[in-house]
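Quick caveat, the model's predicted, so the values are computed rather than measured. All values below come from the heavy atoms of this structure, side chains included, with hydrogens, waters and symmetry mates left out. For reference, positions follow the sequence shown, starting with 1.
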Amino acid sequence: MAMEGGANNPEDLAVGCMLSIRTTLGDEFEGQVVTFDRPSNILVLQEPSKPGPRRNIRLLKANYIKDFTFLGHAEDPLDPSNCLLDLTALQAREDVAVRQAEADAERIGVGVTSEAQSIFDALSKTLPVRWDKTVIVVMNEVRVSSPYHPESVVGGTPAANDRVKKVLEFERKRLQLRSSGGQ
């Protein structure tokens, strides 16, 4: 690895050094050294970005560096006073992720067969559904109990009942085709 600027190996590069790097694969880019991990031989670089809080980080195995040029020093990329964290935005993202995870968990039936889960998933594509233990509740009025056949559909308006039965019949045919290898 040919290195200009007086450094003999990546370990000699201090945090904050700005480099122009050419890899053995022909990529050329500029970046600021964030750290060098000796055990893995990985150089962590922060690439220049547009103004704002987002950063592009590149992890590069040092043995892929063909050559580099030292461009100078910049501010320490790990200086906490320069790290812009919008805690309100982070909290909002966390809240959304938690709500989504809870919603996803509610869509998984507990103590039901994979067939029942497949039927639930098929119904959920077009209708609002939820689990009530092992019973599928559709549109808060139609209930589908095990063994989840059209005859197992009760409650709701006749139109809603018929719609759920149709989806059930279609999904049962699809599952039967899949299990018999017809797909």
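In this structure R58 satisfies the salt bridge (charged side-chain N to carboxylate O under 4.0 Å, His left out) test together with E47, sequence neighbours excluded. Applying the salt bridge (charged side-chain N to carboxylate O under 4.0 Å, His left out) criterion to E115, with sequence neighbours excluded, gives R172. Take Q46 and apply the side-chain hydrogen bond (donor to acceptor under 3.5 Å, both in side chains) test, not counting sequence neighbours, and it matches no residue. With sequence neighbours excluded, no residue satisfies side-chain hydrogen bond (donor to acceptor under 3.5 Å, both in side chains) with E102.
Distance check, rounded to the nearest 0.5 Å: CZ of R143 to CD of E141 gives 12.0 Å. Distance CZ/F29 to CG/L45: 5.5 Å, rounded to 0.5 Å. Rounding to the nearest 0.5 Å gives a distance of 11.5 Å between CD of E169 and NE2 of H149. The line from OG of S124 to CZ of R130 is 14.5 Å long, rounded to the nearest 0.5 Å. Within the model, atoms OG1 of T24 and CG of N63 stand 7.5 Å from one another, a figure rounded to the nearest 0.5 Å. Rounding to the nearest 0.5 Å gives a distance of 9.5 Å between CD of Q176 and NZ of K173.
Following chains of ILVMFWY side-chain contacts shorter than 4.5 Å, one can reach L59 starting from V34, so the two form part of one hydrophobic cluster. Under a hydrophobic clustering in which Ile, Leu, Val, Met, Phe, Trp and Tyr are joined whenever their side-chain heavy atoms come within less than 4.5 Å, directly or via other members, V137 and V154 fall into different clusters.
The nearest pair of heavy atoms linking H73 to A14 is CE1-CB, 4.2 Å. Listed here is the closest heavy atom pair of S152 and S145: CB-O, 3.1 Å.
Looking only at side-chain heavy atoms (C-beta outward), Q117 and D121 come within less than 4.5 Å of each other.
Grouped with W131 in one hydrophobic cluster are V112, I119, F120, L123, L127, V129, I136, V138, M139, V142, V144, Y148, V153, V164, V167, L168, L175, the linkage being side-chain heavy-atom contacts under 4.5 Å among Ile, Leu, Val, Met, Phe, Trp and Tyr residues.
Here the side chain of D132 pairs no donor or acceptor atom with the backbone of V135 at under 3.5 angstrom.
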Without placing hydrogens or testing angles, list every side-chain donor-acceptor pair under 3.5 Å for residues 16-23, not counting sequence neighbours.
from: R22; atom 1: NE; to: D67; atom 2: OD2; distance (Å): 3.3
from: R22; atom 1: NH2; to: D67; atom 2: OD2; distance (Å): 2.4
from: T23; atom 1: OG1; to: L25; atom 2: N; distance (Å): 3.2
from: T23; atom 1: OG1; to: G26; atom 2: N; distance (Å): 3.4
from: T23; atom 1: OG1; to: D27; atom 2: N; distance (Å): 3.1

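The local environment of NZ in K166 is sparse, with at most 12 non-hydrogen atoms from other residues, nucleotides or ligands closer than 6.0 Å.
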